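My questions will all concern the structure given below.
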Amino acid sequence: MTFLGMPARAPRGVGQLRGDEPFPVAAREALANAQLRRNLQHATTTIRGKSGRVIAELPDWQELRAAGSALKAYTMANLPLLLEQLEEKVTAAGGVVHWAADANEANAIVTDLVRRTGEKRVIKVKSMATQEIGLNEALEAAGIAPVETDLAELIVQLGNDKPSHILVPAIHRNRSEIREIFLSAMPDVDPGLTDDPPVLAAAARRYLRETFLSTKVAVSGANFAIAETGTLAVVESEGNGRMCLTLPETLITVMGIEKLVPAWQDLEVFLQLLPRASTGERMNPYTSMWHGVTPGDGPQSFHLVLLDNGRSAVLADEVGRQALHCIRCSACLNVCPVYERTGGHAYGSVYPGPIGAVLSPQLTGVDDNATLPYASSLCGACFDACPVKIDIPSILVHLRDQAPHPRSEAAVMAAAAYTMDRPRLYEKAQHAAKLARLAGRKGRGLPPPLNGWSASRDLPAPPEETFRDWWRGR
Ligand code: SF4
């Protein structure tokens, strides 16, 4: 066989796609933190309510979801051609396109671009892709200071913490914790700072304003890239993104290759779906779009880094590729009963919640995140909430099938299949199960070594009379 090097998975040892502990271990720790659960419950309930109200205003929400889903399926089916079209349009508009096969390549490209400017500090727009590849750590190792400008990301960065939610990275922090972080880590902060939200926001604004005005390089992600025109788009709520995208001399955008939409008109669908599903707003307060370089206006040097980092491998999986349709709205997190109790850190990846449970294992290879496909009750709330109709439960089941299973489980399944294939044997097994119930196992689960399966599940009691017995009796 000839190994062509594609599709590769996200490499180990760089970025934030793998946790230090399996999900059940990390989740147990999180469950012991009552404050965390209160913060999460309050925040997810508030966002859910707000989102539900604005979605109910649209009579064609289901049609919009179907359109979003179809557009993403079309994009994935034509991704190579659309990416080349995007490269052509961005280049024609004065931008430079770089192709990064993985996190290491993307980090090296961005670090080199910043070095060439001679600058020692960059400002950043909130970006999942740069967190995924560990760009901040790579820049710091090269002596370049990255400054997060999204308020929640800033809280996470100053607190030496990790994000726990796609949209609200500091969802696990309450206002008094945020005050403590500002007092201990924000330069020149007023020592009389209170935990009143407007006071905290004003402190961040003072700190960031100075940074915006004195930094010459910005790094952003992108919510969408339009192949037809070469336009990039970022949506946000605070205006910090707009400052980063317009004030510096150099702008470097790192974007996962799946963020593409084919045509300008397609944004009409996504700009309705995204804000309503994510922040519960009718439209995003700031929608910034840019197109290459405009002489005398905005950054005069623009670089677009197109990131694979395992996405081609996801695309190669006919069931799993739906995960690439995600527009990172976080609606699935806010409705997930598992996420609401454990929070994001337990997932060990920058992508938490239901989408993380299907995306992270596919980007890294299932072996490296084997417990994540089980971080779900398969209740289906994520599927109902997803604005682009990603069937997350089906992908979870598909990935569970690929996860390594203990030999004992494989042996039990083989024995069960053998038994179910043979009616007489099956009937005997049914009678044996009934005897076991009479022998007192009722309510105590399965005997060892199968007791792990029934430790957290109710074992249905065998009926008094099997169907066959009933049938014979008639
Ligand atoms: S999977 Fe769907 S609901 Fe979850 S973040 Fe992505 S687009 Fe939003």
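Keep in mind that this is a model prediction, so the values were computed, not measured. These numbers come from the heavy atoms of this one structure, side chains and all, not from hydrogens, waters or symmetry mates. All ligand and atom numbering here is 1-based and tracks the order in the structure.
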Quiz item: Any side-chain donor-acceptor pair under 3.5 Å between Ser360 and Asn369?
Solution: no
Exercise. Using the salt bridge (charged side-chain N to carboxylate O under 4.0 Å, His left out) rule, pick out the option among Arg328, Arg321, Lys72 that qualifies with Glu258.
Key: Arg328
Self-check item: Atoms of type N/O/S from protein, distance to atom 2 (Fe) of ligand 1 below 2.8 Å
Solution: 1
Quiz item: Is the closest side-chain donor-acceptor distance between Glu153 and Gln131 under 3.5 Å?
Solution: yes
Quiz item: Between His405 and Tyr374, how do the two ring planes meet: parallel, tilted or perpendicular, split at 30° and 60°?
Solution: perpendicular
Quiz item: Are side-chain N/O atoms of His398 and Asp317 paired as donor and acceptor at under 3.5 Å?
Solution: yes
Quiz item: Identify the closest protein heavy atom to atom 5 (S) of ligand 1: which residue and atom is it, and at what distance?
Solution: Ser330 N, 3.2 Å
Practice problem: Using a strict 4.0 Å threshold on nitrogen-to-oxygen distance, state whether Asp161 and Arg173 make a salt bridge. | Solution: yes
